[in-house]
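Throughout, numbering of the chain's residues begins at 1 and tracks the sequence.
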Amino acid sequence: MLKHPFWGIVEESWAGMAPQKKFVLPGFEQPVEVFLGEELFEEDEEYDLSPAQLDEYAATFQAFVADAPRLLPELQQQTFARYQELYASLYENPAQSGASVLHLRTPEEHFAYLQDVAYLRITDEQTLRLSIRYGLDTEHGLEIRFEANQLAEMGGIAET
């Protein structure tokens, strides 16, 4: 267990080191769980976060939140473009989907399907991964990687 001025109490959780409290992300309805550092997959590995890393991760998170007014429209636009490319032919055609047409015509309408954030992971070099239980692809979800507050990559969860 670690204590940090910004994060509060940080301890090992189901997918890595995490503060006990959840954090609010502008544009999203529910507070989200934040993981600090990479997830370890080997049983003999141990988490070892330094105070300097916790400070760096806090600075990365605070910069991301401060830049949210610029990032959110870009996030909405990019995820909507991905929807149009990969999913619209299914969800806008009742013969293919077997369901009613969604009629998603704007990034803002589509953003309603991105509200279920699984978690946020912050790693070195100002990298932040937003993992979403994507309402239109619950099998793969959606993960968006930001580097220095620039949208760097988008894919299924654990693909970025």
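- By the side chain to side chain contact (heavy atoms under 4.5 Å, CB included) test, S89 is found to be paired with Q96, residues two or more places apart in sequence or in another chain being considered.
- One finds the CG atom of D116 at 12.0 Å from the CG atom of L142 (value rounded to the nearest 0.5 Å).
- Both L72 and L104 belong to a single network of hydrophobic side chains, linked directly or stepwise wherever heavy atoms of I, L, V, M, F, W or Y lie under 4.5 Å apart.
- Taking CD from E153 and CD from Q78, the interatomic distance works out to 12.5 Å, rounded to the nearest 0.5 Å.
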**OP:** Run the numbers on L151 and L71 for side chain to side chain contact (heavy atoms under 4.5 Å, CB included), then give the verdict.
**Re:** CA-CA 8 Å; L151 199 153; L71 294 170; over 6 Å; no
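- Inter-residue side-chain proximity for T123 and F35 is flagged as unmet; no heavy-atom pair is nearer than 4.5 Å.
- Side-chain contact between L102 and Y113: present, with at least one pair of heavy atoms (C-beta onward) separated by less than 4.5 Å.
- Using the six-membered ring where Trp is involved, W7 and H4 have ring planes that are tilted, between 30° and 60° apart.
- Annotation: the span from D55 atom CG to F6 atom CZ amounts to 11.0 Å, rounded to 0.5 Å.
- A donor-acceptor contact closer than 3.5 angstrom links the side chains of W14 and E33.
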Subject >> Residue pair Y57, V10: steps toward the side chain to side chain contact (heavy atoms under 4.5 Å, CB included) verdict >> reply: CA-CA 12 Å; Y57 297 160; V10 177; over 6 Å; no
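- Annotation: the span from T79 atom OG1 to E74 atom CD amounts to 10.5 Å, rounded to 0.5 Å.
- I122 places a side-chain heavy atom less than 4.5 Å from the side chain of V34.
- Both M154 and L128 are assigned to one and the same hydrophobic cluster, defined by single-linkage of ILVMFWY side chains at heavy-atom distances under 4.5 Å.
- Under the side chain to side chain contact (heavy atoms under 4.5 Å, CB included) criterion, L86 pairs with R82, sequence neighbours left out.
- With sequence neighbours left out, the salt bridge (Lys or Arg N to Asp or Glu O under 4.0 Å) criterion links D67 to R70.
- Cluster partners of I9, using a side-chain heavy-atom cutoff of under 4.5 Å among ILVMFWY residues and allowing indirect links, are M1.
- Summarising the geometry of V117 relative to R133, their closest heavy-atom pair is O-NH1, 3.6 Å, with the distance given to 0.1 Å.
- At most 12 non-hydrogen atoms from other residues, nucleotides or ligands lie less than 6.0 angstrom from CD of Q126.
- Under the 3.5 Å distance criterion, with hydrogens and angles disregarded, a donor-acceptor pair is assigned to the side chains of Q20 and E11.
- Across all non-hydrogen atoms, the minimal contact from R121 to A15 is NH2-O, 2.6 Å.
- Listed here is the closest heavy atom pair of V24 and V65: O-CG2, 4.4 Å.
- Under the side chain to side chain donor-acceptor pair (under 3.5 Å) criterion, Y119 pairs with no residue, sequence neighbours left out.
- Side chain of Y91 to main chain of L136: a donor-acceptor pair is present (N/O by atom type, distance under 3.5 Å, no hydrogens or angles).
- A distance of 10.5 Å separates CD of E56 from CG of L49, quoted to the nearest 0.5 Å.
- Aromatic ring centres of Y87 and F80: separated by at least 6.0 Å.
- Residues N149 and T60 fail the side-chain proximity criterion, which asks for heavy atoms closer than 4.5 Å.
- Looking at D137 and E139, their side chains come closer than 4.5 Å, going by heavy atoms from C-beta outward.
- Partners of E147 under the side chain to side chain contact (heavy atoms under 4.5 Å, CB included) rule, at least two apart in sequence or in another chain, are T127, R145, A152.
- In this structure, the side chain of S50 engages the main chain of Q53 through a donor-acceptor pair within 3.5 Å.
- Taking CG of L120 as the start and CD of E143 as the end, the distance is 10.0 Å to the nearest 0.5 Å.
- Among all heavy-atom pairs drawn from A68 and P73, the shortest one is O-CD, 4.2 Å.
- Tracing side-chain contacts under 4.5 Å through hydrophobic residues (I, L, V, M, F, W, Y), one never reaches L114 starting from I157; they form parts of separate clusters.
- M17 approaches L2 most closely through the heavy-atom pair CE-CD1, 4.3 Å.
- Side chains of Y83 and E92: a donor-acceptor N/O pair is present below 3.5 angstrom, by distance only.
- Counting only distance, with no hydrogens or angles, the side chain of E159 and the backbone of G155 share no donor-acceptor pair below 3.5 Å.
- Residues H110 and Y134 place their aromatic rings such that the two centres sit under 6.0 Å apart.
- At least one side-chain heavy atom of P19 sits less than 4.5 Å from a side-chain heavy atom of L36.
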